Protein chains: 2
Amino acid sequence: MSDETFYQQLARFILNHRKISGLSQLQLAELAGVGKTVIYDLEHAKPSVQLDTVVKVLHALNIKIQLHSPIEGFDDV
Amino acid sequence: MSDETFYQQLARFILNHRKISGLSQLQLAELAGVGKTVIYDLEHAKPSVQLDTVVKVLHALNIKIQLHSPIEGFDDV
DNA sequence: CTATAATTACTGTTTAAGCAGTAATTATAT
DNA sequence: ATATAATTACTGCTTAAACAGTAATTATAG
């Protein structure tokens, strides 16, 4: 059980997958079509990054986002 | 199978859960600690909303976000 | 070791997101 | 039906995020 924030989890996730993919921050930025500063910001757990930017970066790394409803059987609705 | 964007899915998700919770846009905004305009924007699939704002709103509705790695067994690392 | 290349970290400027205020719409009551 | 309340939709202003450029750091080579 961890007390790290979602942003810290996201930061680690992106950093790890970027490294595994053998990409530099700049390469990932270009691949995702965003500025390189944002990659740095994301990997440093900056909370105030725009959703579409995050989505682009995650898409470039082939990471999927999923929402989980508190209501039974609502996730796919 | 759906061709709706992630933003449209998110929009529906938030709208549905807000309605089920019996909250107005304003009430949800206050509960989440964000401006009411953002609730409107989110429910209209605006992509350029800040991540922390989305996270606050989802948290207020008790919706969980999960990341899925393309690499086996990497999700919890 | 020093030099060079590559990558990451930082900064100032421009642009657009978030907010409060207001208008429009919808619901509820009488 | 009209009036009132409640909710949603829209707008302009202020502030901060995204970007390009630059500095600092780290890696690689000779």
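In this text the structure is predicted, and so the values were computed from the model without any measurement. Letters A, B, ... mirror the listed sequences (proteins, then strands); counts begin at 1.
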Whole-Å gap separating C1' (D/dT25) and CG (A/L26)
16 Å
Proximal nucleotide (of D/dA9, C/dT8, C/dG18) relative to the A/Q25 side chain
C/dT8
Atom-to-atom span, CD1 of B/I39 to C1' of D/dT7 - whole angstrom:
14 Å
Check the orientation of A/F13 and A/H17. Use parallel for under 30°, tilted for 30 to 60°, and perpendicular for over 60°.
parallel
Take the protein atom NZ of B/K46 and the nucleotide atom P of D/dA9, then report the distance between them rounded to whole Å.
14 Å
Both B/V49 and A/E43 contact DNA chain C. Taking the nearest nucleotide for each, which residue is further toward the 5' end?
A/E43
5'-most contact on DNA chain D: B/Q27 or B/Y40, nearest heavy atom basis?
B/Q27
More 5' along DNA chain D: B/Q50 or B/S24, using each one's nearest nucleotide?
B/S24
Please pick, from D/dC10, D/dA9, C/dT8, the nucleotide with the shortest atom-to-atom distance to any side-chain atom of B/T37.
D/dC10
Between A/H44 (NE2) and D/dA17 (C1'), how many Å, whole number?
17 Å
Phosphate OP1/OP2 of D/dT8 contacted by B/K19 side-chain N/O (<4.0 Å):
yes
Whole angstroms only, please: what is the NZ-P distance between B/K56 and C/dA17?
17 Å
Quick one: B/D41 CG to C/dC19 P, roughly how many Å, whole number?
10 Å
Distance-minimising heavy-atom pair for B/K56 and B/G33
NZ-O, 4.2 Å
A/D52 CG - D/dA17 P separation (whole Å)
14 Å
Report yes if the side chains of B/Y7 and B/V49 come closer than 4.5 Å at any heavy-atom pair, otherwise no.
no
State, to 0.1 Å, how close A/Q9 and A/E4 come at their nearest heavy-atom pair, and which atoms those are.
CG-OE2, 3.0 Å
Measure the distance from CG on B/L42 to C1' on D/dC10 and round it to the nearest whole Å.
16 Å
Please tell me if A/R18 has a side-chain N or O lying less than 4.0 Å from either OP1 or OP2 of C/dT7.
no
Side-chain donor/acceptor contact of B/K36 with base of C/dG21 under 3.5 Å:
yes
For the student: nearest non-hydrogen atoms of A/Q50 and B/S48, plus distance:
OE1-CB, 3.1 Å
